[in-house]
Peer 1: 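Can you read through this structure? Questions will come right after.
Order of appearance sets the numbers: ligands from 1, and atoms from 1 within every ligand. None of these values were measured; they are calculated from a predicted model.
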Amino acid sequence: MPIPFPTERRSCGVPIPLPPFRPGWVWLVGAGPGDPGLLTLHAVHALAEADVVVHDALVDADVLALARPGAEIIYAGKRGGKPSASQPDISQRLIALARAGRRVLRLKGGDPFIFGRGGEEARALVAAGVPFRVVPGITAGIGGLAYAGVPATTRETNAAIAFVTGHAASGDVPDNVDWTALAKSASVLVIYMAVKHLGAIVARLIAGGRSPDEPLAFLCSATTARQRVVVSTLGRAVADRDAQGVEAPAIVVVGEVVRLRETLGCWWDPADLLAPEAETAAE
Ligand code: SAH
């Protein structure tokens with residue numbers, strides 16, 4: 001038997017039952033990589049209902065614009081030239097807001113459990129006895145590849161794919177990654193936060209047996225109007241990063257799948273996000 005939901009809870013206008021966002025709860029929600037069209041229905045519903053939205057630097061302004069008018073918007077990111085909040089401070093803030101009876105939307109770029117510290121926040125909520133819900137999002141390493149015309153897998157190119165971080169909590173290249181084993185085992189590598197330590201990462205992959213000629217792409221600000229894709233190779237990646245001024249946030253994708261962009265990269269144009277009315281006007 002489906003659980004009956006009051007119709008006013010169908011806040012984002014879709015005729016499917018969505019769970020009520022109760023006061024005193026925290027929803028830990030993935031906002032996707034940028035394009036608001038990649039939000040889940042649960043995320044849109046949460047934006048429409050939340051009393052307070054606590055968001056990261058990577059949450060796109062167009063996504064925040066969907067918050068209920070009057071909702072309090074709190075920035076709790078770790079970059080962007082603004083003062084950074086420490087992780088324990090953010091968790092404590094979520095707990096305090098929930099205990100004050102607010103409906104707290106913790107909105108994170110991509111997926112909250114992919115290199116997003118969502119696991120740490122969820123554990124703090126459990127420890128504090130605060131009820132919460134997790135809403136997965138489209139991670140940049142999936143959405144960004146798709147919008148660049150790079151399939152994450154094809155039968156011809158790869159039977160494995162690895163998501164890796166290029167930046168450890170210490171600020172260095174992660175030393176708990178066996179780069180040689182990774183180089184040998186996953187033919188497609190999707191590397192987050194790789195721009196800074198790219199030289200060390202590329203050197204380890206080549207030392208681990210990958211060819212310097214293997215294709216690599218930088219997917220910068222993927223799925224936003226600022227999306228930029230720079231195609232390179234493992235061997236030329238550092239020089240191209242510097243010459244082309246590649247900037248974070250960027251996903252680095254390594255593998256034969258990158259060649260498919262030549263054929264498939266045509267399907268999406270970042271300008272589509274800037275001028276959605278133009279098409280209607282021309283009709
Ligand atoms: N939870 C996020 C990842 C957070 S770590 C997710 O699932 O996507 C931050 C890193 O994610 C950035 O340094 C960058 O490597 C990547 N990233 C996030 N959004 C991005 C975007 N729109 N374009 C390119 N890379 C992005």
Peer 1: Counting only nitrogen or oxygen atoms and a 3.5 angstrom limit, does Leu58 reach ligand 1?
Peer 2: no
Peer 1: Can a salt bridge be assigned to the pair Arg259 and Glu256 using a cut-off of 4.0 Å between side-chain N and carboxylate O?
Peer 2: yes
Peer 1: So is Ser221 close enough to ligand 1, meaning a heavy atom under 4.0 angstrom away?
Peer 2: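 Yes, Ser221 has a heavy atom closer than 4.0 Å to ligand 1.
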Peer 1: Is there a heavy atom of Ala250 sitting under 4.0 angstrom from any atom of ligand 1?
Peer 2: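 Heavy atoms of Ala250 do come under 4.0 Å of ligand 1.
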Peer 1: Do Ser232 and Asp240 have side-chain N/O donor and acceptor atoms under 3.5 Å apart?
Peer 2: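 On atom types as modelled, these side chains qualify, holding a pair under 3.5 Å.
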Peer 1: With a 4.0 Å cut-off on N to O distance, would you call Asp178 and Lys184 a salt bridge?
Peer 2: no
Peer 1: Pull out every atom of ligand 1 sitting under 4.0 Å from any heavy atom of Leu219, numbered as shown with elements.
Peer 2: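 Taking each heavy atom of Leu219 in turn, ligand 1 has 24 (C) under 4.0 Å.
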Peer 1: Counting only heavy atoms closer than 4.0 Å, does ligand 1 sit against the backbone of Val195, its side chain, both, or neither?
Peer 2: neither
Peer 1: N/O to N/O below 3.5 Å, does that happen between Tyr192 and ligand 1?
Peer 2: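 Checking ligand 1 against Tyr192, no N or O pair falls under 3.5 Å apart.
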Peer 1: Please name all residues satisfying side chain to side chain contact (heavy atoms under 4.5 Å, CB included) with Ser187, sequence neighbours left out, ordered by chain then number.
Peer 2: Asn158
Peer 1: With the threshold set at under 4.0 angstrom, would you say Ala248 reaches ligand 1 through any of its heavy atoms?
Peer 2: no
Peer 1: Taking only residues two or more places apart in sequence or in another chain, which ones pass side-chain hydrogen bond (donor to acceptor under 3.5 Å, both in side chains) with Arg133?
Peer 2: none
